[in-house]
Undergrad: 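To start, I am sharing the structure in question, which I have written as structure tokens.
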2 protein chains.
Amino acid sequence: MKPVTYVNSLFEDFPEGAQNPVTQKSQLPKKRSNLRDVAKAAGVSVATVSRVLNEPGVVKPDTREKVQAAIADLKFVPSAAARAINSGRTRFVGALIPTLDNAIFARFLAALERELSAHQLSLVVATTDSDPDIETQKAKELVDIGAEGLIVTGAAHNTGLKDLIEQTMLPTIITSYFDRANPLPTIGYDNAAAAQIALEHLADLGHSEIAVVHGPVHNNDRTRARLAGLNASDCSVELATHETDISLEGGSVVGKQIAALPHKPDAILCLSDVVALGVLFGLQASGVKVPEDVSLVGIDDLPSSAVSVPPLTTVHLPVSTMGERAAAALARWISDQEIPRAEMLEATLVQRQSARRKT
Amino acid sequence: MKPVTYVNSLFEDFPEGAQNPVTQKSQLPKKRSNLRDVAKAAGVSVATVSRVLNEPGVVKPDTREKVQAAIADLKFVPSAAARAINSGRTRFVGALIPTLDNAIFARFLAALERELSAHQLSLVVATTDSDPDIETQKAKELVDIGAEGLIVTGAAHNTGLKDLIEQTMLPTIITSYFDRANPLPTIGYDNAAAAQIALEHLADLGHSEIAVVHGPVHNNDRTRARLAGLNASDCSVELATHETDISLEGGSVVGKQIAALPHKPDAILCLSDVVALGVLFGLQASGVKVPEDVSLVGIDDLPSSAVSVPPLTTVHLPVSTMGERAAAALARWISDQEIPRAEMLEATLVQRQSARRKT
DNA sequence: TTGACATATGTAACTGGTTTCATCAACCTC
DNA sequence: GAGGTTGATGAAACCAGTTACATATGTCAA
């Protein structure tokens with residue numbers, strides 16, 4: 001074991017301009033003190049120190065004070081690992097998400113973290129870049145450092161990850177996706193239905209030539225499910241699909257392309273709001289007006305969608321609720337061995353001003 | 001110790017419509033197998049099993065295979081805690097950030113996580129809502145679960161956190177802030193200078209009446225530093241400050257307020273880009289044109305700033321670089337006990353189309 | 001044939017906590 | 001005053017790994 005050592009001057013000020021020069025190592029290993037040290041210093045047994053830490057009520061007040069003094073004196077900090085080895089609990093779970101760059105995942109994580117925190121669980125975040133191999137790799141790392149459970153995005157994973165989950169029997173919840181028949185519990189929404197809601201709204205408004213802008217279908221079952229929903233719809237519309245990056249830039253590029261089209265579509269359906277906002281910017285930069293010249297709808301309902309000009313008609317995906325539910329379900333799975341049931345959350349249309357009736 | 005138990009049917013399919021009903025607990029505790037079990041099954045000693053796990057090269061191929069077979073057979077997964085207790089390493093660090101809702105932190109985290117991952121470190125995220133008490137609380141939880149280091153935002157923290165860091169001697173790096181004289185290493189930019197760059201640009205363009213829109217100053221030393229930079233500037237301009245939430249909505253509200261003003265400012269300086277984009281939306285919704293009627297600049301340089309209409313002139317803050325540097329520095333601090341030096345990253349003006357010369 | 005040395009494996013101590021069980025004193029009851 | 005109960009504490013086992021050291025076997029040179 002390499003003892004962690006410190007330079008003593010860490011908390012002293014150093015002169016201005018003397019660009020903190022401490023690049024040498026410490027001379028005094030000054031080993032971190034442990035339970036035994038504290039027990040010796042306080043003149044009690046290790047059991048008593050442990051009790052002071054965990055059930056202070058059962059030790060006599062003056063003994064307790066002696067121990068606490070020793071703890072403070074030795075700057076004793078209990079080792080998380082040693083505690084974990086006995087309890088079998090590490091008190092954290094891992095979340096595997098494609099990216100942090102899309103606000104939708106940031107919102108999801110925020111809710112997840114909030115609810116996990118309420119259950120005394122911390123959250124380790126790992127981004128996968130939508131690559132199943134990276135996903136599996138990161139999952140292994142999470143297991144390796146002791147994650148007690150996993151939150152994964154979508155239902156498509158490579159066999160490495162499935163094997164890992166099966167072998168370790170790690171409580172794992174699938175989010176952003178709903179499938180009652182999945183062997184692992186899914187907590188999410190029906191992506192196909194969400195896309196259909198958006199499409200039907202456009203059809204209701206009288207639009208029949210619709211451009212669909214979506215992110216990469218490769219390695220993304222949510223996008224594929226949404227596209228499948230569109231194709232399965234019985235609206236009599238004509239769809240032209242455009243694949244691009246799920247980013248403002250990606251959307252903007254497509255927006256400009258569509259603006260340059262000799263024959264423009266009646267409406268544009270973007271399979272996520274970031275892309276929709278990007279398309280809006282791209283159109284506006286090209287002088288195309290929304291919704292006067294073309295209607296635009298998205299899916300997600302990001303905060304930006306409510307304040308953009310015009311505000312974006314979109315399908316609200318309850319990602320915050322999803323985060324809360326997933327966190328609560330995982331917490332109970334871990335603490336009570338209660339396997340969660342699948343939960344479907346409702347996606348709902350939010351009508352704003354970016355889509356209007358065809359004139 | 002509560003053994004973690006599982007329902008055996010977890011990976012079996014269940015009939016459609018029978019909404020997975022497994023809410024009962026398992027009958028067979030089926031204790032997780034450990035090193036000793038594997039050793040017994042393979043007919044070798046625990047040391048050999050350990051070697052197969054950690055230095056496979058030194059064990060004879062056929063012994064190794066026997067052991068690996070036993071590992072696979074018993075679905076053995078080494079305990080992270082037991083490993084950590086010997087190595088003293090838990091292989092993860094914590095990051096305390098105000099919120100995930102602002103894309104600037106999401107971008108920072110993404111870079112941080114990427115670089116930490118390259119150093120075999122995982123990242124535990126904790127959001128503080130800019131509340132120093134929550135921050136301290138979460139920091140304690142992070143230490144409690146074994147974080148090997150900490151990344152914190154800004155230099156203002158309550159004494160609880162400072163004591164914790166001092167007592168545990170936990171490697172801790174301050175980001176989003178630069179101060180060579182801080183006892184803890186800071187890796188960030190000069191917030192005052194960043195604000196001055198934006199202000200000087202507006203002054204250079206001939207603007208003299210400038211509205212400043214900023215987030216809450218309470219508990220936010222970065223905002224305060226930026227405001228201080230503005231006040232310390234020798235530009236002969238007149239500043240009117242507006243405080244609002246750091247969000248699109250917050251900015252939008254102020255944008256509408258400014259649009260309704262009988263006497264409008266020449267220019268608007270927003271101390272963060274989210275707010276600037278919100279202001280832009282608010283102005284546009286009120287029929288005020290940027291930059292024709294009023295110039296607008298932000299600070300941060302978010303992806304959205306490059307594609308908005310008009311694209312936003314802003315001050316680029318190198319948060320991705322900051323994330324990488326902080327991760328690298330923390331990783332070396334942890335593994336080599338090498339205390340990082342403070343690093344100042346340059347903030348630079350990015351001229352786009354939202355600010356123009358006063359006519 | 002023997003000593004030197006490398007290779008492969010096992011034994012047991014060790015990490016830093018928690019927890020069971022035993023001990024002992026003080027108090028209460030009959 | 002004997003016997004039972006309660007409260008406070010300690011000794012030692014235990015968790016699941018790693019690792020220092022010892023041992024056994026095999027190879028090669030002298």
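Quick note: numbers below take in every heavy atom, side chains included, and nothing from hydrogens, waters or symmetry partners. Reminder, nothing fancy here: chain letters follow the sequence lines and each chain counts from 1. None of the values given here were measured: they were computed from a predicted structure.
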Undergrad: Please state how far atom CD1 in A:Ile145 lies from atom C1' in D:dA16, giving the value in whole angstrom units.
TA: 18 Å

Undergrad: Which of residues 34-51 of chain A have a heavy atom under 4.0 Å from DNA chain C?
TA: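 By residue number: A:Asn34, A:Leu35, A:Arg36, A:Ala47, A:Ser50, A:Arg51.
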
Undergrad: Look at B:Asn86 and C:dC14 and indicate whether a side-chain polar atom (N or O) is within less than 4.0 Å of OP1 or OP2.
TA: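 Checking C:dC14 against B:Asn86, no side-chain N or O comes under 4.0 Å of OP1 or OP2.
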
Undergrad: Identify which one of A:Asn158, A:Thr128, A:Asp131, A:Thr159 satisfies the side chain to side chain donor-acceptor pair (under 3.5 Å) criterion when paired with A:Thr136.
TA: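 With A:Thr136 as partner, A:Asn158, A:Thr128, A:Asp131, A:Thr159 yield a single side chain to side chain donor-acceptor pair (under 3.5 Å), made by A:Asn158.
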
Undergrad: Would you kindly give the CG-to-C1' distance between A:Asp62 and D:dT9, to the nearest whole Å?
TA: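 After rounding, the gap between these two atoms is 12 Å.
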
Undergrad: List the residues meeting ring pair (Phe, Tyr, Trp, His ring centres under 6.0 Å) with A:Phe105, not counting sequence neighbours, and say none if there are none.
TA: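 Applying ring pair (Phe, Tyr, Trp, His ring centres under 6.0 Å) to A:Phe105 gives none.
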
Undergrad: Can you tell which of B:Leu116, B:Thr172, B:Leu112 makes a side chain to side chain contact (heavy atoms under 4.5 Å, CB included) with B:Ile151?
TA: B:Leu112

Undergrad: Evaluate the criterion side-chain contact (heavy atoms from CB on, under 4.5 Å) for residue pair A:Lys40 and A:Arg36; output intermediate values, then yes/no.
TA: CA-CA 6 Å; A:Lys40 192 174 296 177; A:Arg36 265 97 181 162; over 6 Å; no

Undergrad: To the nearest Å, give me how far apart CZ (A:Arg83) and P (D:dG17) are.
TA: 20 Å

Undergrad: Specify the residue among B:Ala82 and B:Val58 whose closest nucleotide of DNA chain C lies further upstream toward the 5′ end.
TA: B:Val58

Undergrad: In whole angstrom, give the distance that lies between atom CZ of A:Arg32 and atom C1' of C:dT15.
TA: 12 Å

Undergrad: Rounded to the nearest angstrom, tell me the gap between atom CD in B:Glu55 and atom C1' in D:dT18.
TA: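 Rounding to the nearest Å, CD of B:Glu55 and C1' of D:dT18 are 10 Å apart.
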
Undergrad: What integer distance in Å separates B:Lys66:NZ from C:dG10:C1'?
TA: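 Distance, rounded to whole Å: 13 Å.
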
Undergrad: Write down the distance between CD1 (B:Ile85) and C1' (C:dT15), rounded to a whole number of angstrom.
TA: 5 Å

Undergrad: Roughly, in whole Å, what's the span from CG in B:Leu53 to C1' in D:dT18?
TA: 11 Å

Undergrad: On a heavy-atom basis, which atom in B:Asn219 and which in B:Pro132 lie closest, and how many Å separate them?
TA: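 Nearest pair, atom of B:Asn219 first, then B:Pro132: ND2-CD, 3.2 Å.
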
Undergrad: Do B:Leu164 and B:Val143 come close enough that some side-chain heavy atom pair is under 4.5 Å?
TA: yes

